[in-house]
Protein chains: 2
Amino acid sequence: MDTDRVPEHPDVRSVTVQQVLEALVDPVRRSIITQLSGSPADIACGAFDLSVSKSTATHHFRVLREAGLIRQYYVGTSRMNSLRRDEFDDRFPGLLDAVVSADHATPAQHRP
Amino acid sequence: MDTDRVPEHPDVRSVTVQQVLEALVDPVRRSIITQLSGSPADIACGAFDLSVSKSTATHHFRVLREAGLIRQYYVGTSRMNSLRRDEFDDRFPGLLDAVVSADHATPAQHRP
DNA sequence: ACGAAAGTACGATGAGTGTCAAACTTTGAT
DNA sequence: ATCAAAGTTTGACACTCATCGTACTTTCGT
């Protein structure tokens with residue numbers, strides 16, 4: 001079986017503001033969202049420009065998925081990521097846009 | 001001297017998204033912002049409906065002030081708080097509104 | 001002058017979490 | 001069959017931060 005290969009996605013209506021802000025407060029996660037937001041196509045986990053190890057990246061993707069911000073699906077060995085923009089915007093109007101454009105103005109600063 | 005009685009307020013332009021999100025991720029601080037946002041008048045620290053001790057509240061007000069979200073000034077022994085809405089909206093368009101209305105839909109859940 | 005009220009400052013503490021390395025799993029290519 | 005590529009899982013560790021109590025400061029009444 002590869003049922004485990006289909007990660008669980010929450011109903012966006014069951015996601016809380018608390019969860020979303022906890023997800024977006026991390027610079028690495030916000031960078032993932034920004035890159036997704038600026039890309040016309042979905043992006044594989046390994047194709048992101050991140051400054052952390054693979055296992056740490058996995059952690060960040062899970063947090064974003066559980067916050068209802070991204071959808072993940074497998075293509076071969078690659079895990080693809082897409083922004084759940086419409087659903088999310090419906091639940092939290094204006095929030096994603098505000099954070100993304102704010103982040104665009106002041107890029108994420110990695111710790112030294 | 002009571003120079004120390006005038007707390008330092010940052011120029012909102014020097015505030016980073018990171019700082020703002022770190023400020024807004026805490027439920028108590030978000031509650032402060034929501035209460036201020038729904039009030040026509042400024043509110044003294046002690047007049048807020050908060051579920052933490054006085055010293056903890058002081059900490060939260062400082063974080064909000066340093067994130068450019070509120071302005072504080074003394075009236076007698078009371079420290080008044082006002083939302084720096086216009087300045088903040090100019091720096092981070094839509095962010096405050098999005099968070100406040102999202103928080104209004106899903107009120108801050110206090111830990112048990 | 002004295003005391004109460006409103007906050008602030010200072011440690012100390014406990015829980016959370018971002019980080020990594022190492023071992024493992026699944027898929028695709030040779 | 002074998003091997004490499006792509007992620008995941010599992011501990012473990014370090015560091016941050018929300019919280020509180022106590023002591024202190026400033027202001028306002030009486």
Side-chain angles (χ1 to χ4, degrees), chain A residues 1-9 16 18-33 42-67 70-82 108-112, chain B residues 1-9 16 18-33 42-67 70-82 108-112:
Chain A
M1 288 300 183
D2 68 344
T3 320
D4 295 340
R5 292 226 112 199
V6 181
E8 290 190 1
H9 292 77
T16 65
Q18 187 60 36
Q19 230 178 321
V20 172
L21 291 178
E22 282 172 2
L24 291 176
V25 77
D26 186 278
V28 176
R29 289 195 285 266
R30 218 161 50 243
S31 170
I32 293 175
I33 295 299
D42 297 352
I43 308 180
C45 291
F48 282 87
D49 181 22
L50 299 178
S51 56
V52 293
S53 71
K54 272 203 302 181
S55 51
T56 301
T58 295
H59 165 65
H60 288 310
F61 284 113
R62 184 177 58 231
V63 173
L64 289 173
R65 176 178 15 100
E66 290 173 349
I70 64 174
R71 167 154 286 134
Q72 297 190 291
Y73 59 96
Y74 272 99
V75 173
T77 64
S78 291
R79 200 169 213 178
M80 304 300 298
N81 303 273
S82 76
Q109 38 248 254
H110 296 192
R111 72 189 53 65
Chain B
M1 288 297 183
D2 68 343
T3 320
D4 296 339
R5 292 226 111 200
V6 180
E8 289 190 1
H9 291 77
T16 66
Q18 187 59 37
Q19 230 178 323
V20 172
L21 290 178
E22 282 172 2
L24 292 176
V25 77
D26 186 277
V28 176
R29 288 195 286 266
R30 217 160 50 242
S31 171
I32 293 176
I33 295 299
D42 297 352
I43 308 180
C45 290
F48 283 87
D49 181 21
L50 299 179
S51 55
V52 293
S53 70
K54 271 202 304 181
S55 51
T56 301
T58 295
H59 164 64
H60 287 309
F61 284 113
R62 184 177 56 231
V63 173
L64 289 172
R65 186 183 68 236
E66 290 174 348
I70 63 174
R71 167 154 286 132
Q72 298 191 291
Y73 58 96
Y74 272 98
V75 173
T77 64
S78 292
R79 198 168 213 180
M80 305 300 297
N81 303 274
S82 76
Q109 38 249 254
H110 295 192
R111 71 190 55 63

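Each chain gets a letter, A, B and so on, in the order its sequence line appears, and its residues count up from 1.
- Taking atom CG of A:D26 as the reference point, atom C1' of D:dC17 lies 15 Å away to the nearest angstrom.
- In this structure, B:L50 places its CG atom 14 Å from P of D:dA18, rounding to the nearest Å.
- Judged by distance alone, the side chain of A:R65 and the main-chain N or O of A:N81 form no donor-acceptor pair under 3.5 Å.
- If you measure from atom CD1 of A:I70 to atom P of D:dG7, you get 12 Å, rounded to the nearest angstrom.
- In this structure, A:M80 places its CE atom 14 Å from C1' of D:dG7, rounding to the nearest Å.
- With values rounded to the nearest 0.5 angstrom, A:H59 atom NE2 is found 9.5 Å from A:L64 atom CG.
- With a 4.5 Å cut-off on side-chain heavy atoms, A:H9 and A:Q72 count as touching.
- Listed nucleotides: C:dG18, C:dT19, D:dC20. Nearest to the side chain of B:V52: D:dC20.
- Residues A:G76 and B:R65 each lie close to DNA chain C; by heavy-atom proximity, the contact nearer the 5' end of the strand is made by B:R65.
- In this view, B:T77 satisfies the side-chain contact (heavy atoms from CB on, under 4.5 Å) rule with no residue, not counting sequence neighbours.
- Separating the CG atom of A:L24 from the C1' atom of C:dG18 is a distance of 16 Å, rounded to the nearest angstrom.
- Heavy-atom distances under 4.0 Å link DNA chain D to B:S55, B:T56, B:H59, B:H60 of residues 55-63 of chain B, given in residue order.
- Remark: B:E8 CD to B:E66 CD distance equals 9.0 Å, nearest 0.5 Å.
- If you take OH of A:Y74 and C1' of C:dG28, they are 14 Å apart, rounded to a whole angstrom.
- A distance of 13.0 Å separates CG in B:L21 from CG in B:D26, rounded to the nearest 0.5 Å.
- Residues B:A57 and B:V52 approach most closely at N-CG2, 4.0 Å, considering heavy atoms.
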Please tabulate, one pair per line, each protein N/O and nucleotide N/O from nucleotides 3-6 of chain D that are separated by under 3.5 Å, including the distance.
from: D:dA6; atom 1: O4'; to: A:T77; atom 2: OG1; distance (Å): 3.2
from: D:dA6; atom 1: O3'; to: A:T77; atom 2: O; distance (Å): 3.4

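- One interatomic measurement links the two molecules: CD of A:E22 to C1' of D:dT16, which rounds to 14 Å at whole-angstrom precision.
- Here the closest non-hydrogen pair linking B:V20 and B:A67 is CG2-O, 4.0 Å.
- Judged by distance alone, the side chain of A:R30 and the main-chain N or O of A:L24 form a donor-acceptor pair under 3.5 Å.
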